[in-house]
2 protein chains.
Amino acid sequence: MPEGKPLTAWAPPDGREVFHTNCPARQVIDHITNRWGIWVLLGLRERPLRFFEVRDRIEGISEKMLSQTLRTLVADRLVWRKVESTVPPQVTYGLTEFGEGAADHLGGMFDWIRGNAAVFTEACESERQTD
Amino acid sequence: MPEGKPLTAWAPPDGREVFHTNCPARQVIDHITNRWGIWVLLGLRERPLRFFEVRDRIEGISEKMLSQTLRTLVADRLVWRKVESTVPPQVTYGLTEFGEGAADHLGGMFDWIRGNAAVFTEACESERQTD
DNA sequence: CAGTATCCTGGGGGATACTG
DNA sequence: CAGTATCCCCCAGGATACTG
């Protein structure tokens with residue numbers, strides 16, 4: 001982002017929304033939706049967590065991916081990281097104000113989809129027919 | 001989804017949220033966040049669109065990926081598809097009620113992130129330092 | 001116009017082993 | 001405990017060509 005592009009330029013001028021590859025918001029969302037980002041953000045909603053606590057809340061995530069995802073989210077200012085230099089070391093991750101806002105939206109969507117799970121289940125059944 | 005699992009079981013029993021791989025909501029979200037899903041849903045928010053209209057609103061998407069993504073979203077009951085057997089054929093895609101709900105949450109997040117783009121821009125700058 | 005079919009490559013991401 | 005380092009595989013997804 002060398003030249004300071006006017007960020008408001010990404011708003012739709014005539015109501016016709018176009019999603020450009022270099023829209024900063026698209027880039028952030030691409031990070032969030034990079035397979036694990038959303039689950040890490042949702043996992044941190046309740047309270048800050050330590051590394052393995054996060055891992056234990058997200059079935060299927062590897063330590064490598066968790067570490068990598070956390071680093072990206074920290075770089076994006078969605079998550080903060082606090083190191084306690086005790087022995088053994090304690091590292092805590094939590095949502096920044098920015099991250100909380102994002103997580104609230106994601107959480108709202110998640111809860112809503114979960115509430116409509118029946119729709120998805122129906123879809124699964126009818127897919128079995130066409131297979 | 002052969003045996004009818006109680007979907008409410010996925011709600012956190014003790015407030016400790018865990019995201020299981022076979023949680024239906026997680027599966028739907030994994031579809032949505034499958035690189036292009038979110039952008040297709042957001043692109044359809046304003047009004048139903050034809051195939052190439054959708055493509056033109058999402059920079060960087062290939063026709064193959066658009067077609068594939070649309071099929072998944074239709075199967076998940078997030079998007080409907082209407083075929084007009086004219087010559088040339090007209091195919092229109094739009095959000096179902098289910099899809100609208102999901103898109104509203106995604107749109108809220110997108111707008112909110114866009115409004116906070118400055119946070120991300122700062123993050124980019126400080127990353128340049130550490131590189 | 002609205003797609004499929006085919007081929008092919010990059011990097012997302014898993015497994016395992018190692019470190020402060 | 002909280003990670004890195006390394007190796008390696010697989011498939012998401014791009015490019016191109018073809019079809020109803």
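Naming convention: chains lettered A, B, ... in sequence-line order (proteins, then strands); numbering from 1 in each chain.
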*Out of D/dT4, D/dG3, C/dA2, which nucleotide sits closest to the side chain of A/V91?*
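Looking only at heavy atoms from C-beta outward on A/V91, the closest nucleotide is D/dG3.
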*Given the rule in the side chain to side chain contact (heavy atoms under 4.5 Å, CB included) test, do A/V79 and A/T72 qualify, once you have shown the distances and angles that lead to the verdict?*
CA-CA 9 Å; A/V79 167; A/T72 306; over 6 Å; no
*Could you identify which residues of residues 81-88 of chain A place a heavy atom less than 4.0 Å from some atom of DNA chain D, listed by residue number, or say none?*
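Contacts with DNA chain D under 4.0 Å: A/R81, A/P88.
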Does [N] have its OP1 or OP2 closer than 4.0 Å to a side-chain nitrogen or oxygen of [X]?
X	N	result
A/R55	D/dG3	no
B/S67	C/dA2	no
A/R50	D/dA2	yes
A/Y93	D/dG3	yes

*asked:* Is the distance between the ring centroids of B/F19 and A/W36 under 6.0 Å?
replied: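 Distance test on ring centres: not under 6.0 Å, no.
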_Base versus backbone protein contacts along nucleotides 13-20 of chain C [heavy-atom cut-off under 4.0 Å; B, S, -]_ = BBB----B
*Can you list the stems that include DNA chain D, where a stem is three or more consecutive Watson-Crick or G-U pairs with distances under 3.5 Å?*
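Paired runs of 3+ in DNA chain D: C:1-20 with D:1-20.
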*Indicate yes or no for a side-chain donor-acceptor contact from A/T33 to the backbone of A/I29 under 3.5 Å, with no hydrogens or angles considered.*
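Yes: the side chain of A/T33 pairs with the backbone of A/I29.
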*Exam field: side chain B/W80 to backbone B/L95, donor-acceptor pair closer than 3.5 Å*: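 Side chain of B/W80 to backbone of B/L95, a donor-acceptor pair under 3.5 Å: yes, one is there.
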